[in-house]
Protein chains: 2
Amino acid sequence: MSTDASRLNRMPVYHQLNDRLLELLRGGGYGPGDRFLTEREVAARFGLSRITANKALSGLVAAGHLEFRKGVGSFVRGEALENDLRALVSFTHKAARSGRKPSTRVLACRRLAAGEADVSVRRELDVRDAEVLVYVERLRLADGEPVIFERRHLVAERCGNPGRRDLGSSFYEWLDRVGVRVTGAEQRIRAVAVPPSERRLLQLREGVAVLRVHAVGRAAAPLWVEDTDYRGDRYEFHNVLTDGVPPRPARATLLQPDTDAHLHA
Amino acid sequence: MSTDASRLNRMPVYHQLNDRLLELLRGGGYGPGDRFLTEREVAARFGLSRITANKALSGLVAAGHLEFRKGVGSFVRGEALENDLRALVSFTHKAARSGRKPSTRVLACRRLAAGEADVSVRRELDVRDAEVLVYVERLRLADGEPVIFERRHLVAERCGNPGRRDLGSSFYEWLDRVGVRVTGAEQRIRAVAVPPSERRLLQLREGVAVLRVHAVGRAAAPLWVEDTDYRGDRYEFHNVLTDGVPPRPARATLLQPDTDAHLHA
DNA sequence: GAAACCACGTGGCTAAGCCACAAGATGTCC
DNA sequence: GGACATCTTGTGGCTTAGCCACGTGGTTTC
């Protein structure tokens, strides 16, 4: 590896190695708690020094994907997959994890030119006016109870041109299937009173609030922009702040129907 | 350093070094963009090998505090201080950063035995029934406009025994002053309709929602537990999810009074 | 004045090794 | 047979002593 082209990349070797190991970790059939490659194995397999191997592995440890155990090896962290974007943004995945049966009702689905969409949408998606978008409105249900109402503009081209039928279940599985790898998302979370139009949809009493998440999903370029309302009485976001090293993104949790009053107000 | 007591600690040397460098970074008068110690300087100063120094510095890089520039040195990252817990949880700090004048009204402040408090409070604070708590209700204002209402139980002993007068401005500055270093916090964020009792306080119309953040602040032990309501029309949480390495905790942003409708609903 | 050059310090990376630690296999004693 | 000590093996932690590629700034040259 000492003279090949990879050395000419701008990124340091340990950084490239970090990426390759991450791929391997995700695609190699590793599960939480599994033993990962040792420093020596990595060094041998990629023809690098043990120290470089260690530095790359350390990156995965710092990112929370692995765990070092002295005298034993490197292990896939239990919560590593929860770090996955899928777990952070996929309703289907989250609902299933909390033991409830997810379902979806597609309320609207149409194609439009970006020029017809709101200017803020065009800007956030970074598209020319001629670009084809798909607008879709979906109601997500857990055990038949409506809990999320989402409105989404997606760039057809970049998302594998989904049709109405493709959006009837998990959007993230669809992206997977067509080979689109989501690499990031930005969320803005606000609290709003449920609009009258949604009150019936979400089966809420007047005066109940929802968490409105405005989010942009990205791969190389923006893939979609969404406004999603989470029932205030069924969802909460968790956020752990840590001084020092390993932060975790906030994540939404679906609550059980009877978890209402847990505050001493 | 080869034989002294620090080696007997359970934590690897590079980890301990990481902590010491973090202290140095915070307390050493470093500002964003400043040049930090080089690997060789760290190695020399602490009597360790360059590689161990690099590994500790790498930790700070991974955590977003530093930035490596090959051939130049290690530099303090511009947003490093935003990572600080202070920036994440201190209202005074956030308000000042967004260019608005913070103020505080202490609505209530009394001491009580933990035994008198709600059982959930006792559990979350991990205290015996005899432990003395301080309960405080505060209204936080930005440019005179009420934006946050907070109710907080704090463990008097662990928080430097603050009195009513000490809670009239930033609680985090107070903790600093009495030498308490906050090391972590957990937040649960929900959306609730503003209770009638708070409607007047926050000067909100009926049917407006608030972000209710239930949080526990910790040092070695839990310091306080709080329920804080952020005006839904003035606050939003940001959350950036990244595939791979450097996640950032969600953070609350105070909006300008005229930033109301930014959604294409 | 501008361009080419050079020296120096930096992080990136290697080599070859020893250490402390964890765990399983082996052996020993009762 | 069972309990306990010991050995062996493999792991991550850490060191020494380098060379390399890169950025920067000063110096020289034209």
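Lettering follows sequence order; numbering is per chain, from 1.
- Taking every side-chain heavy atom of S49(A) into account, dA15(C) is the closest of dA15(C), dT24(D), dG12(C).
- For the pair L66(B) CG and dT10(C) P, the interatomic distance rounds to 15 Å; values are reported in whole Å.
- Out of dG12(C), dT14(C), dT15(D), the shortest distance to the side chain of L48(A) is found at dT14(C).
- Of the candidate nucleotides dT14(C), dT11(D), dG17(C), dT11(D) has the atom lying nearest to any side-chain atom of R35(A).
- Within the nucleic acid shown, R40(A) comes within 4.0 Å of at least one base atom, counting heavy atoms only.
- The CZ-P distance, from F46(B) to dT15(D), rounds to 13 Å in whole Å.
- Look at CD on E41(A): it is 13 Å from C1' on dG12(D), rounded to the nearest Å.
- Between dG13(D) and K55(B), a contact under 4.0 Å exists linking OP1 or OP2 to a side-chain N or O.
- Residue E39(B) places its side chain closer to dG12(C) than to any other of dT11(D), dG12(C), dC13(C).
- Look at CD on E67(A): it is 17 Å from P on dT11(D), rounded to the nearest Å.
- For A215(B), the side-chain contact (heavy atoms from CB on, under 4.5 Å) partners two or more places apart in sequence, or in a different chain, are Q187(B), V213(B), E226(B).
- Here S74(A) reaches the OP1 or OP2 of dG12(D): one of its side-chain N or O atoms lies under 4.0 Å away.
- Counting all heavy atoms, side chain and backbone alike, F36(A) lies closest to L24(A) at CE1-CD2, 4.2 Å.
- Taking atom CG of L17(A) as the reference point, atom P of dC13(C) lies 9 Å away to the nearest angstrom.
- More than 12 heavy atoms of other residues, nucleotides or ligands sit less than 6.0 Å from atom CD of E41(B).
- Backbone-only contact: R69(B) has heavy atoms under 4.0 Å from sugar-phosphate atoms and none from a base.
- Distances were taken from every side-chain heavy atom of K70(A) (C-beta onward) to each of dC13(C), dC21(C), dC14(D); the shortest belongs to dC21(C).
- In this structure, R50(A) atom CZ and dT16(D) atom P are separated by 16 Å, rounded to whole Å.
- Of the listed residues (T52(B), L21(B), V13(B)), just one forms a side chain to side chain contact (heavy atoms under 4.5 Å, CB included) with F46(B), and that residue is L21(B).
- Nearest to the side chain of T52(B), among dT11(D), dG12(C), dT15(D), sits dT15(D).
- Considering only side-chain N and O atoms, N54(B) lies nowhere under 4.0 angstrom from the phosphate OP1 or OP2 of dG11(C).
- For the pair F68(B) CZ and dC22(D) P, the computed distance is 18 Å after rounding to whole Å.
- The side chain of I51(A) approaches dA15(C) more closely than any other nucleotide in the set dG11(C), dA15(C), dG12(D).
- A donor atom on one side chain and an acceptor atom on the other are found under 3.5 Å apart for K55(A) and N54(B).
- We find that CG of L57(A) is positioned 12 Å from P of dT11(D), with the value rounded to whole Å.
- For Y14(A) and dC13(C), the shortest distance from a side-chain N or O to OP1 or OP2 is not below 4.0 Å.
- For V216(B), the side-chain contact (heavy atoms from CB on, under 4.5 Å) test picks out E124(B), R218(B), P222(B), V225(B), with sequence neighbours left out.
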